[in-house]
Student: 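Just dropping this structure here.
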Amino acid sequence: MNNSKIWLSSPHMGGTEEKYVQEAFDTNWIAPLGPNVNGFEKDLEAYLGSGVQVGALSSGTAAIHLGLILLGVKAGDEIICQSMTFSASANPIMYLGATPVFVDSESDTWNLCPISLENAIIDRISKGKMPKAIIAVHLYGMPYKVDEINNVATKYNIPVLEDSAEALGSYFKNKKCGTFGEIGVLSFNGNKIITTSGGGAIVTKKIEVKEKAVFLSTQARDNAPHYQHSEIGYNYRMSNICAGIGRGQMEILDDHIQLRRNMNNFYVDYFKNIEGVEVLTEPNDDYFSNHWLSAITINPAETNGKTREDLRVAFEADNIESRPLWKPMHLQPVFEQYPYYGKKVSEELFKNGLCLPSGSNLSDEDRKRIQAVLDFFFNMKS
């Protein structure tokens, strides 16, 4: 373990971030408001297009929480949530005293299965529970089946909260992820496609919804000379310092997406002749993934018993980080008592899936080390 660490997905600065941060210091805008916050929001709005409004927040989790509030979710409501996701997609449901209803994935994009989604809705309605919202996730940057999910949502008049935390820069039919739902969510955590150290954003098509989100995110202070509050608020606004980092990151977003896609191509090319290994790639030309994380599944029946855990351990021995796919929420101890609809697609993906080093800052030397581990593991070279 003398080799330097190769991370799964580490921050990658472009060089201009410091300029915006220094401006914040020079002008004493060290607060959850200021020119960088406004500028970062405008940068995101211009990038996403579709006439969206963006509110910069302290995290993607905060954006999901506020998004559910803005969709009118109350204690006792039921929220359908993609089971195969990070827990931050589901935790805000619990913050509000609502009930999560988890739904399986489909095998093309690994995202929310439209068939299982409709089955879940029909069954919940039969039990007297009309779901209040649907949380659909673009997993690892891969767009979900937007048309099919939206068709089901429209059929039953249920709004979609689009968790695009991992998918900034991805698109479906030439429309950017984050713009398909009633409300969209972005994340700028340290491991995302771009980072603000910690941060997120809420995306909406209505200026009044953005204004309400900003109001709630700044402690819901009424318009009065004194501190007056008629609603419960939250300390969820992004700081001007973090937004400055974001402004610099936006300047290199497309470059970093291409670098991540290059890493995905590296894996696709490597595994094309190895039986039993599949790389997550776009189902067809309607999809464009930022490939935030490149992921594979390993079928031990076709790899002489070699498993994804065996490969993870092999990488770990060379100080290279890899990670199993998200453990589905319906298998998590904290959520196992809640309803689940579907088959075992997400369970099989978790059992056999592995995320591989995917950062935009990986070097040729890093790729050589990664390939050397793969060669040894799959007995490609002596």
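Just so it is clear, the values below take in all heavy atoms, side chains as well, and ignore hydrogens, waters and symmetry mates.
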Student: Between the side chains of T297 and E278, is a donor N or O closer than 3.5 angstrom to an acceptor N or O?
Tutor: no
Student: Would a distance-only check, ignoring hydrogens and angles, find a side-chain to backbone donor-acceptor pair under 3.5 Å from S9 to N191?
Tutor: yes
Student: Do the side chains of K368 and D364 get close enough for a salt bridge, i.e. N-O under 4.0 angstrom?
Tutor: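 Salt bridge absent between K368 and D364.
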Student: If you measure from the Lys or Arg side-chain nitrogens to the Asp or Glu carboxylate oxygens, is any gap between K132 and E78 under 4.0 Å?
Tutor: no
Student: Taking the six-membered ring of F350 (Phe, Tyr or Trp), confirm whether the NZ or CZ of R308 is under 6.0 Å from its centre and within 45° of its axis.
Tutor: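 The answer is yes; both the distance and angle limits are met.
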Student: Indicate whether the side chain of D310 and that of T307 have a donor and an acceptor atom separated by less than 3.5 Å.
Tutor: yes
Student: Flag the pair F102 / F335 as yes when their ring centroid distance falls below 6.0 Å, and as no otherwise.
Tutor: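 For F102 and F335, the ring centres are under 6.0 Å apart.
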Student: In plain terms, say whether R323 and E316 are close enough for a salt bridge, that is, a side-chain N and a carboxylate O under 4.0 Å apart.
Tutor: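 Salt bridge: no.
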Student: Go through it in stages, so that I can follow the logic: the residues are S289 and R261, the test is side chain to side chain donor-acceptor pair (under 3.5 Å), and I'd like the CA-CA distance, side-chain angles, deciding distance and then a yes or no.
Tutor: CA-CA 8 Å; S289 174; R261 287 176 60 81; 5.7 Å; no
Student: Using a 3.5 Å distance criterion without hydrogens, assess whether the side chain of N290 forms a donor-acceptor pair with backbone atoms of G169.
Tutor: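 Looks like no, no N/O pair under 3.5 Å.
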Student: Under 3.5 Å, is there a donor on one side chain and an acceptor on the other for Y270 and D375?
Tutor: yes
Student: Looking only at side-chain N and O atoms, does S105 offer a donor or acceptor that is under 3.5 Å from a partner on N111?
Tutor: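 No, because no side-chain N or O of N111 sits under 3.5 Å from a partner of the opposite role on S105.
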Student: Side chains of N361 and S10: do they bring a donor and an acceptor to under 3.5 Å?
Tutor: yes
Student: Does either side chain, that of E162 or that of H138, offer a donor lying less than 3.5 Å from an acceptor on the other one?
Tutor: yes
Student: Can N3 and D318 be counted as having a side-chain donor-acceptor contact under 3.5 angstrom?
Tutor: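 A donor-acceptor contact under 3.5 Å links the two side chains.
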Student: I want to check something: taking the side chain as every heavy atom from C-beta on, are L216 and I69 in contact at a cut-off of under 4.5 Å?
Tutor: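 Touching, per the 4.5 Å side-chain cut-off.
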Student: Under a 4.0 Å threshold between the charged nitrogen and the carboxylate oxygen, would E118 count as salt-bridged to K155?
Tutor: yes
Student: Can you measure from NE2 (H256) to CG (N262) and round to the nearest 0.5 angstrom?
Tutor: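 Spacing of NE2 (H256) from CG (N262) equals 12.0 Å.
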Student: After noting the C-alpha distance and the side-chain angles of I183 and V203, does the key distance pass the side-chain contact (heavy atoms from CB on, under 4.5 Å) rule?
Tutor: CA-CA 6 Å; I183 288 176; V203 183; over 6 Å; no
Student: Please check if any side-chain donor atom of Y20 sits under 3.5 Å from a side-chain acceptor atom of E251, or the reverse.
Tutor: yes
Student: On the six-membered ring of F215, is R221 placed so that its NZ or CZ lies under 6.0 angstrom from the centre and within 45° of the ring axis?
Tutor: no
Student: How long is the straight-line distance from CE of M142 back to OG1 of T281, given to the nearest 0.5 Å?
Tutor: 6.0 Å
Student: Testing the 3.5 Å rule here: is there a donor-acceptor pair between the side chains of D254 and Q258?
Tutor: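 On atom types as modelled, these side chains do not qualify, holding no pair under 3.5 Å.
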Student: Any side-chain donor paired with an acceptor under 3.5 Å for Y144 and Q82?
Tutor: no
Student: Between the side chains of S116 and D104, is a donor N or O closer than 3.5 angstrom to an acceptor N or O?
Tutor: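 No, no side-chain donor-acceptor pair sits under 3.5 Å.
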Student: Flag the pair I320 / R369 as yes when at least one side-chain heavy-atom distance between them is below 4.5 Å, and no otherwise.
Tutor: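 Contact flag for I320/R369 side chains = yes.
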Student: Decide ring pair (Phe, Tyr, Trp, His ring centres under 6.0 Å) for Y140 and F86; before the verdict, give the C-alpha distance in whole Å, the side-chain angles of both, and the deciding distance to 0.1 Å.
Tutor: CA-CA 10 Å; Y140 304 126; F86 180 51; over 10 Å; no
Student: Please tell me whether F172 and Y287 form a close aromatic pair, meaning their ring centres lie under 6.0 Å apart.
Tutor: yes
Student: Can you confirm whether the side chains of T154 and N151 place a donor and an acceptor under 3.5 Å from each other?
Tutor: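 Result is no, nothing qualifies.
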Student: May I ask you to say whether E41 pairs ionically with R237, meaning some side-chain N is under 4.0 Å from a carboxylate O?
Tutor: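 Looking at R237 together with E41, the answer is yes, because their closest N to O distance falls below 4.0 Å.
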Student: Strictly by modelled atom types, are H330 and E347 linked by a side-chain donor-acceptor pair under 3.5 Å?
Tutor: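 Looking only at side-chain atoms, E347 and H330 do form a donor-acceptor pair, the distance falling under 3.5 Å.
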